[in-house]
Protein chains: 2
Amino acid sequence: MEQKQQIKLAVDCIIFGFNNNRLELLLVHRGFEPEKGKWSLIGGYVGNEEDLDDAANRVLYNLSGLENIYMEQVRTWGEANRDPSGRVVSTTYSAMILKSEYNAELVNKYDAQWFPIDELPELIFDHRAMVDSAVRRLRRRVRNYPIAFNLLPEKFTLPQLQMLYEGILSEPLDKRNFRRKVAQMNYFIKLEEKDMSESRKGAYYYRFDEALYAKELNFNL
Amino acid sequence: MEQKQQIKLAVDCIIFGFNNNRLELLLVHRGFEPEKGKWSLIGGYVGNEEDLDDAANRVLYNLSGLENIYMEQVRTWGEANRDPSGRVVSTTYSAMILKSEYNAELVNKYDAQWFPIDELPELIFDHRAMVDSAVRRLRRRVRNYPIAFNLLPEKFTLPQLQMLYEGILSEPLDKRNFRRKVAQMNYFIKLEEKDMSESRKGAYYYRFDEALYAKELNFNL
DNA sequence: GCAAAAGTGTTTATCATACACCCATGT
DNA sequence: ACATGGGTGTATGATAAACACTTTTGC
């Protein structure tokens, strides 16, 4: 305990996306030993004068080209031997991005790939536990905070929103009950426009009004 | 980003106690600059081969003499300039201890003192934010997980338990509703013995049965 | 007998759940 | 006209909240 501390500090990002009506994770293929060939979260070391939060944002930016992404710190993993190549403590952040907006070239460069949340490949180290903890946290938070919208475009339909929630919670929801709840929260603004791409009848677009929400702060889906 | 990383990693403990029917925090008086004279959480650096959780337990043990204390990681504070004396990232842990069981000598040696949660002195750095975040977490968790018992002796009365919850949540609770909820959870075992120290009538002691709880896992107070 | 804290039920409102049919449209 | 997904209301059970008096006992 008395000699100089030699612990490296890293961040790892659990990157959620909602693609093809499923909750997915963006993982990178590990091209070097140890555990070469497995998949891992995207991570990186924290800079000496860099805020921890900023480090997470930078790591995500380098991979996706996306800035100002919604991120939450999840927890810090500090078992002494979690990384066999040395002492590394890692703080996990969960992020939500839109597949449509990120830079596919960059992602290809890093050998990254989306995986549905229930079909994950083998992950290095303790990354699987990290993912599980982030998913549990997401499921808990998504019912009481309007964070899931970060996985949808600005305009979205109620069938889309419901499928998102079903994907995140991994359970079917009753359509009428779901829609009643949405109707009660008056910061869901129904637009005139319809999405005609999914059905003949078309589904009305909605948007989430941040300012109206800020006045009420009650949310429950 | 390329030069050697030089970040120190620390843990800080938010130590809760329930004394005189109030929720209190154990703080230490800072005897050195900067911010000499203010109060702070008890903390310490993480050992090179020490699990993060173990570091938190060691720090608490050194102060209190208590081992196997219930602790939870809260979150990690990593702003680059949170500590003016150098780059230190700190993970906070919240602990719950019984005033009656800890080593008062040790605590005196460290110039530590209990403060009611709503009468805290000025704290160093970002410790106030750390405390607030730990209190919020405690208030959230205490309703759904039977963790508050770590603040009571093994045998406790329902008036005690209710005052504990009122102290934690900082709001009055209806006695009859509270007791009905307790009655519904059948891992609260009513003992024959009464506590005669607080009233003439005496209040029955109860104990919390871990094993019975493990079978049900539903808790809500 | 009275002071002081422990203990006990009922009513009401609110919320969650279960459930099935009509609508609008493009082909 | 029909196939496809979008949209709508009601009844029932469960849970939470409000509320006041009786019991025990030491003095």
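Throughout, a chain's letter reflects where its sequence line sits, starting with A, and its residues are numbered from 1.
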Consider the side chain of [X], meaning its heavy atoms from C-beta on, and name the nucleotide among [options] that approaches it most closely.
X	options	result
A:Arg180	D:dG5, D:dA20, C:dA18	C:dA18
B:Tyr204	D:dG6, C:dG7, C:dA16	C:dG7
B:Asn177	D:dA18, C:dG7, C:dA18	D:dA18
B:Arg176	D:dG6, C:dG9, D:dC27	C:dG9

Whole Å only: how far is the [atom1] atom of [X] from the [atom2] atom of [N]?
X	N	atom1	atom2	answer
B:Phe188	C:dG7	CZ	C1'	17 Å
B:Leu161	C:dA6	CG	C1'	15 Å
B:Asn218	D:dT15	CG	P	10 Å
B:Gln162	C:dA5	CD	P	14 Å
A:Leu158	D:dG5	CG	P	17 Å
A:Lys194	D:dG7	NZ	P	7 Å
A:Gln184	D:dT8	CD	C1'	15 Å
A:Glu198	C:dG26	CD	P	15 Å

Taking the ring of A:Tyr205 and the ring of A:Phe156, is the distance between their centroids below 6.0 Å?
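No, they do not, as the ring centres are separated by 6.0 Å or more.
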For [N], does the base pair up with any side-chain atom of [X] as donor and acceptor (N or O, under 3.5 Å, distance only)?
X	N	value
B:Lys201	C:dA6	yes
B:Arg179	C:dA6	no
A:Lys175	D:dG7	yes

Between A:Lys181 and A:Asp174, just flag the one whose closest nucleotide in DNA chain C comes earlier from the 5' side.
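Final value for this comparison: A:Lys181.
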Under 4.0 Å between a Lys/Arg side-chain N and an Asp/Glu carboxylate O for [X] and [Y]?
X	Y	result
B:Arg143	B:Glu171	yes
A:Asp209	A:Arg207	yes
A:Arg22	A:Glu119	yes

A:Phe149, A:Tyr213, A:Phe178 screened by ring pair (Phe, Tyr, Trp, His ring centres under 6.0 Å) with A:Phe188, the one that passes:
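Running ring pair (Phe, Tyr, Trp, His ring centres under 6.0 Å) over A:Phe149, A:Tyr213, A:Phe178 with A:Phe188 returns exactly one hit, A:Phe149.
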